[in-house]
Amino acid sequence: MTSNEMISLHDAHVMKTYGRYPVAIQSGKGATLVSPEGKEYIDFASGIGVLSIGTAHPKFVEAVSNQAATLAHTSNLFYTEPSTRLAQRLCALSGMDKVFFSNSGAESNEGAIKLARKYSTDRYGTERTKIVTLQNSFHGRTVTTLAATGQDVFHQYFYPFTEGFVHAIANDFDSVKNAVDENTCAIMMELVQGEGGVLPLDVSFVKQVEALCREKDLLLVIDEVQTGIGRCGTFFAFQHYGISPDVVSTAKGIGGGLPLGAVLAAKTCSEVLSPGTHATTFGANPICTAAANAVLDVLEDGVLSKVNEKGAYLRSKIEEMGFSTRGLGLMIGIAVEEGTHKAKVASLIEAGLLCITAGKDAVRLLPPLNITYEEMDRGLAILKSVLCGG
Ligand SMILES: *Cc1c(COP(=O)(O)O)cnc(C)c1O
């Protein structure tokens, strides 16, 4: 199928919920992707932070094909080895106590929200259910995670939304403190707001929020769907911030391209979700968890330790072009004139560089964590020619 045939056939039969670019991708290797007509793209997007070890990494291919040829699925009524190993490794890498496997970011956040509310209900009764999140946050597309998301544009059409979420101002501790009352059970936030514009929270603010959670026995829930799995230079971004969350949700980069999410709980609350209170049919899928083990193998084999260095390299080259940047590790926002980011991303894609918009003014870069310097330089050359007009 040619790109044009694909685009018309697809648009005739798939619901138009995405503003797609007129680009089809057929194959790739590392951070280089190829269209059906052979046009090459440098991948500074990784899907949306999903292809953490790039496209078609040999370890990923081997793990997925072996597992597909061995066992694709059992229900969660039985045990399998890939998810067992993955759970152990995630706990070791994060210092968390136990894991629940889901299939997406929104579903991980649903699990985190259920865990927080049950923790509070078990201890304090059924009234203490409010969760404070931040303005400009993004937590997912289910009816409950839309309610958790602190952006008004998401709060339309789908009424009634789940009750019990209040949105405080990021990096304003008084706003968070004032939003907490006797019926609050948790505070949930991203440490770098991704969809909101690649906006890192201040370390001092995050530590104050942590202290407030300890003082009032609120669960500190960190949404690491985008920031986790090495994206920000440490395995989880909370490790960079030096805090100890009660609950961490993750997804995007964990399966290296396959759908997988996880909710991690610290000892404070790892026994809260008991048999019958939470489940999902596909959770802990052997192929997805085998893929995640391959992702961890590659990250541990010298990739995670170079994320900050690569992020600093990209940012210094972009700042030399005259732009300011923000972010953490290989989660980078290039600040452009407000409102021009969408057109700029479209031009960059057309010129052969895949990147993403974020917030009101950012060109967002989420390259594969194992991107090479040669691939970064090819992407930087496209950035320069498009953003600086050649
Ligand atoms: C992408 C994202 C989600 C939603 O993840 P899905 O897999 O699309 O459900 C939730 N939280 C954050 C911070 C995200 O970046």
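Indexing begins at 1, ligand by ligand and atom by atom, following the structure's order. None of the values given here were measured: they were computed from a predicted structure.
- Of the heavy atoms in His139, only backbone atoms (N, CA, C, O) come closer than 4.0 Å to ligand 1.
- Ligand 1 places these atoms under 4.0 Å from at least one heavy atom of Asn109: 10 (C), 11 (N).
- Atom 11 (N) of ligand 1 has as its closest protein heavy atom Asp223 OD2, 2.8 Å.
- The distance from atom CD1 of Ile113 to atom OG1 of Thr162, rounded to the nearest 0.5 Å, is 8.0 Å.
- Protein heavy atoms all stay at least 4.0 Å away from atom 8 (O) of ligand 1.
- Across Lys306, Arg378, Lys310, Glu309, a single residue satisfies side chain to side chain donor-acceptor pair (under 3.5 Å) together with Tyr373, and that is Glu309.
- To the nearest 0.5 Å, the span separating CD on Glu190 from OG on Ser137 amounts to 6.0 Å.
- If you look at Arg141 next to ligand 1, there are no close heavy atoms at all, none under 4.0 Å.
- Annotation: the span from His167 atom NE2 to Gln135 atom CD amounts to 8.0 Å, rounded to 0.5 Å.
- Remark: ligand 1 and Glu107 share no N or O pair separated by less than 3.5 Å (distance only, no angle test).
- The protein non-hydrogen atom at the shortest distance from atom 14 (C) of ligand 1 is Lys252 NZ, 2.9 Å.
- Of the protein's non-hydrogen atoms, Gly105 N, 3.4 Å is the one closest to atom 6 (P) of ligand 1.
- The closest side-chain heavy-atom distance from Val132 to Thr184 is below 4.5 Å.
- Taking a cut-off of under 4.0 Å to the non-hydrogen atoms of Gln226, the atoms of ligand 1 that pass are 15 (O).
- With rounding to the nearest 0.5 Å, the separation of CG in Leu387 from CG in Leu348 is 5.0 Å.
- Which parts of ligand 1 touch Ala106 is read off a 4.0 Å heavy-atom cut-off, strictly below it: atoms 4 (C), 5 (O), 6 (P), 9 (O).
- Taking the centre and axis of the six-membered ring of Phe165, the NZ or CZ atom of Arg117 falls inside the cone set by 45° and 6.0 Å.
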